[in-house]
**Student:** 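Pasting in a structure now, in structure tokens, and then I'll have a few things to ask.
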Amino acid sequence: MENILEVNDISKSYKNFSLEHITFSVPCGMICGMIGENGAGKTTTISCIMDMLKPDSGNVHVFGMDYEHAARKIKSRIGLVMDGLDQNPFLYVRDIDKIMRRLYQNWDSDCFSSFLDRFELPLDKRVKDLSKGMSVKLNFAIALSHGAELLILDEATSGLDPVMRDEILALLQEFVMDENHSVLIPSHITSDLDKIADYILFIHEGKVSFYKSRNEIEENYGVLRCGKELFEALSPDDYDAYIQETYSVHVLLNNRQAVEHCFRDILVDPATIEDIMLFYVKGVVR
Amino acid sequence: MTFGLAYRDVLIFWRRNSKKNYIYNAVLFLVLALAVGRFGAATYIFLMAMAQMTTAPVMLKEADVNHNGWLFSLSLPCSEREIVRGRFLAAYLIQLPYLISMPVFSVIHSLVHRCYTPEYYMKLMLAAWICAIIITAVNLTVSFAAGMDVVAVLYMFLICLFVLGYLIVMLADIDLTFLFFLNEWLLIAAGFALAFLVTGICYLLAVNIYKKQKR
């Protein structure tokens, strides 16, 4: 399977924060969720992927090309929806089409109109008069109307109600049905990623802590709540992290089938993305 | 691409200006054209129109800072050079309506008051345009290097400087007719040459500043 995005060992240092050796790839036809607490480095990573920031070291390849040689080609094939990256509030919704068709060679006005209809966005309203949810829908309509093959959605669904969020998630799944399309979603809403992500990338304090496919997580990862005796009986190779409570230990297993096989009377819950994030941030990582 | 970026900036500027602002400008235009004789022409052409012509860098910087226009530009499939070129083009396109208003004003003013020759109006207009080109270029370059406050303060400073000069000339009744002993058309041509040179240098500086800031 070809990779639509390859991030190779990128680092970027600031006075109080540094992004260190970020490496991951997003295969074609896949949805990759990026999680991490506030300030972990998600937006810095996205900025490097979008060539808005130049990394101190490492490189980014998108569609097999690099920004040094093909910045325009790459950017014209990426749809970016970012929280805070709204259109100018004084513009009317109808203005967006006029502007975008002058900025993107592949801009499809009919496609944009159909998205406006589908999302029930009024043409005669200024962007500043749209609700948060409507603004997000408008940004989605823009991102999906210029033939983008890679969608990057940075906290994009955070302002949407559950019904609309569900509709957007369905839209994303529809988008990646074409095996040439992929989506990268940095998000705090881990329940959304549980529903649709094929890969999970977890960035913690500027480093990649975890990068696994959802199949691998479903098959191998689980949360075991047990006493100290059972915890001490576990092999350290069977878990990634644990959280010590007053009377029990919560363990993030990475080899649940083997553990369930060894200890037949235990109950292992499936690990959600939120569980994984909490274990890595609050727990003791092996 | 440059035109697309300029189109976006012009549209934002156009939408950002309220109807009140256009009405206010129209009223001032009419008052100065119809009611004010000797000082009306210079007040409108050299102060009002020129001040309006040079507001673009401040207003576009405001859009960049407050509404993430900067980030939006960086996400587009265009080079840094195109982004800067688009901004320069937009700033000069925004000047056009005010530039067109100058001869209209001159015709009305001249018909009502009959105090100056057409040549005088023409020179006044060209001089105002030269000043507007230079102020816009300088302010645009600063808008790529500094924050919103610096750009706004610089704009106010330059405009105040012109107002001050204007008031000194008008109130002290300073005789500038010595300028007419010079070849004034040559003077205007030199002024345009200077304006284009300043614009070229400012553009190159702005491209370099923008590239450095991005990193």
Side-chain angles (χ1 to χ4, degrees), chain A residues 12 14 43 46-56 62 65 67-68 70-107 125-129 135 139 142-143 146-148 152 154, chain B residues 1-22 55-56 58-87 89-90 93-94 143-144 148 207-215:
Chain A
K12 178 84 187 170
Y14 293 103
T43 302
I46 295 300
S47 300
C48 289
I49 292 171
M50 283 303 297
D51 195 37
M52 291 168 167
L53 274 178
K54 189 174 166 59
D56 298 334
V62 195
M65 299 178 278
Y67 281 104
E68 196 77 33
R72 192 188 302 266
K73 276 186 191 167
I74 293 173
K75 283 191 180 178
S76 64
R77 290 163 69 185
I78 297 179
L80 177 67
V81 182
M82 222 170 176
D83 192 24
L85 187 62
D86 296 329
Q87 292 301 312
N88 187 280
F90 295 99
L91 293 173
Y92 286 93
V93 172
R94 63 171 184 270
D95 293 334
I96 306 297
D97 179 52
K98 292 181 211 161
I99 292 170
M100 292 300 166
R101 66 174 177 236
R102 289 171 169 88
L103 294 176
Y104 285 98
Q105 274 188 335
N106 295 335
W107 181 257
K125 263 199 174 184
R126 286 185 192 260
V127 172
K128 66 177 175 167
D129 297 326
S135 289
N139 291 340
I142 295 167
H146 63 84
I152 299 178
D154 192 4
Chain B
M1 182 57 73
T2 302
F3 182 73
L5 290 161
Y7 180 81
R8 177 175 180 272
D9 280 347
V10 171
L11 206 55
I12 287 172
F13 184 88
W14 182 252
R15 299 286 190 228
R16 175 79 176 75
N17 266 327
S18 62
K19 278 178 192 156
K20 269 186 211 162
N21 194 25
Y22 292 119
T55 54
V58 183
M59 289 188 72
L60 295 174
K61 179 71 184 181
E62 190 263 345
D64 273 357
V65 174
N66 294 341
H67 310 300
N68 279 327
W70 162 270
L71 208 58
F72 177 79
S73 304
L74 285 175
S75 74
L76 293 171
C78 53
S79 65
E80 291 95 343
R81 198 171 280 272
E82 282 171 323
I83 291 172
V84 175
R85 204 184 299 150
R87 179 56 55 90
L89 180 61
L93 285 174
I94 286 166
S143 79
F144 282 100
M148 175 68 208
V207 171
N208 275 324
I209 292 166
Y210 188 82
K211 279 183 179 172
K212 275 185 193 158
Q213 287 221 334
K214 185 186 164 189
R215 302 313 184 198

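First the proteins, then the strands, lettered A, B, ... as listed; each starts at 1.
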**Student:** If every non-hydrogen atom of B:Pro77 is compared with every non-hydrogen atom of A:Ser76, which pair is closest and at what distance?
**Tutor:** CB-N, 3.6 Å
**Student:** What part of B:Tyr7 gets closer than 4.5 Å to chain A, counting heavy atoms only: side chain, backbone, both or neither?
**Tutor:** side chain
**Student:** Looking at side-chain heavy atoms only, is the closest gap between A:Lys75 and B:Leu76 below 4.5 Å?
**Tutor:** no
**Student:** Can you measure from CE (A:Met82) to OG (B:Ser75) and round to the nearest 0.5 angstrom?
**Tutor:** 9.0 Å
**Student:** Side chain, backbone, both or neither: which part of A:Arg126 has a heavy atom under 4.5 Å from chain B?
**Tutor:** side chain
**Student:** Is there a side-chain contact between A:Met50 and B:Leu74 (heavy atoms, below 4.5 Å)?
**Tutor:**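 No, their side chains stay 4.5 Å or more apart.
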**Student:** Does any backbone or side-chain atom of A:Lys98 lie under 4.5 Å from a heavy atom of chain B? Answer side chain, backbone, both or neither.
**Tutor:** both
**Student:** Among residues 59-69 of chain B, which ones touch chain A with a heavy-atom distance under 4.5 Å?
**Tutor:** B:Ala63, B:His67, B:Asn68
**Student:** Residue by residue, scan residues 8-15 of chain B and write down, ordered by number, those that have a heavy-atom distance under 4.5 Å to chain A; if none do, write 'none'.
**Tutor:**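 Heavy-atom contacts from residues 8-15 of chain B to chain A are B:Arg8, B:Leu11, B:Ile12, B:Arg15.
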**Student:** If we define contacts as heavy-atom pairs under 4.5 Å, which of A:Gln87, A:His146, A:Arg101 has the most with chain B?
**Tutor:** A:Gln87
**Student:** Do B:Met1 and A:Arg72 have side chains that approach each other closer than 4.5 Å (heavy atoms only, starting at C-beta)?
**Tutor:** yes
**Student:** Does any heavy atom of chain B fall under 4.5 Å from the side chain of A:Gln105, the backbone, both, or neither of them?
**Tutor:** neither
**Student:** For chain B, which candidate among A:Ile74, A:Leu80, A:Leu91, A:Ile78 shows the most heavy-atom pairs at distances under 4.5 Å?
**Tutor:**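 So the answer, after comparing A:Ile74, A:Leu80, A:Leu91, A:Ile78, is A:Leu91.
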